[in-house]
Amino acid sequence: MTADSSSPGRLERALTSLRGLAVGDALGSQFFVPANYPLLKRRELPEAPWQWTDDTEMACSVVAVLATHHRIDQDALARSFAEHHDFDRGYGPAVNRLLRLVREGGDWRELAAGLFNGQGSWGNGAAMRIAPLGAWYADDPEQATHQAEISAYTTHQHREAVVGAMAVAAAAALAGSPDGPPAPEALIDGVVALVPKSAVGQGLRRARDMLDYDDAATVAAVLGCGRRTTAHDTVPFALWSAARALGDYETAFWTTAQVGGDVDTTCAIVGGVLAAGKAGAPPAAWVQRTEALPHWVPTGV
Ligand SMILES: [Mg+2]
């Protein structure tokens, strides 16, 4: 069976993944509030509404550009990021400044290339927003990685950040297979085969070796869970967690959130990848408690 490659079919998949991403981001971000730490241990939900953060805001731009252009148009994507940039959504300082300058007429190519003394950002920001693109390309995982690569450069030009985005998009595309979710090993193997040599790729190989570990805290200690907010410190653990629980959003969420780190982002990645698959949507009650998506996100063709 092949996935529906029509635009309405693709958009529907991308929106489903986006909702999963938004729930992970919004609920995950509740656990930065120390008063909610005990709830996390007991797997109890905090008070609603849950506001989403930069992860969701940027993912909305990815979906909006795909709906309009049917691929990633870098200028349109950079423009959408800049136009919809809300300073209070928890962006990192470098991206806050970059998007302000783009909004004021700056060239994203120069600005993104100039970050961090010309190395480009290796933050997890290109990966955190990209799962819905993978869902869009569930019929073509290779194209998913290619378009994810192009999308990353608008803000994150360091190789690790770019490969991190490619890996998450590949995972979402594979999770969205019409034949149902792949086995954990098959998912990670599929992603590894689609990404170039990198620290992210090395981390994914290590994640593959640790799929039979049940102690997420140990795995997070080895792979990283976003404490340094780099792509290579974030993506391998998030995909380890997603691969082990494809089709079970709640388990995937709690496992990911409980290890701490950059929780809104690891949970946004996991939520977006899970919801790219047919059985991986978040519980309806969780969706209801999550802040609605912004009005400018296209909801149908
Ligand atoms: Mg965030």
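Ligands are counted one by one from 1 in listed order, and the atoms in each one are counted from 1 as well.
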Heavy atoms, side chains only, cut-off 4.5 Å: are Leu204 and Arg208 in contact? no
Can His232 and Ser198 be counted as having a side-chain donor-acceptor contact under 3.5 angstrom? no
Inspect the contact between Arg10 and Asp139 and indicate whether a charged nitrogen and a carboxylate oxygen are less than 4.0 angstrom apart. yes
Is it true that a side-chain atom of Asn124 and a backbone atom of Ala127 form a donor plus acceptor pair closer than 3.5 Å? no
Can you classify the ring geometry of Tyr249 versus Trp286 as parallel (below 30°), tilted (30 to 60°) or perpendicular (above 60°)? perpendicular
Mind checking how many protein N/O/S atoms fall short of 2.8 Å from the Mg ion (ligand 1)? 4
Extract all donor-acceptor atom pairs below 3.5 Å that involve side chains of residues 160-170 and protein atoms in other chains or at least two apart in sequence.
unit_1: Glu160; atom_1: OE1; unit_2: Ala199; atom_2: N; d: 3.1
unit_1: Glu160; atom_1: OE1; unit_2: Val200; atom_2: N; d: 2.9
unit_1: Glu160; atom_1: OE2; unit_2: Ala199; atom_2: N; d: 2.8

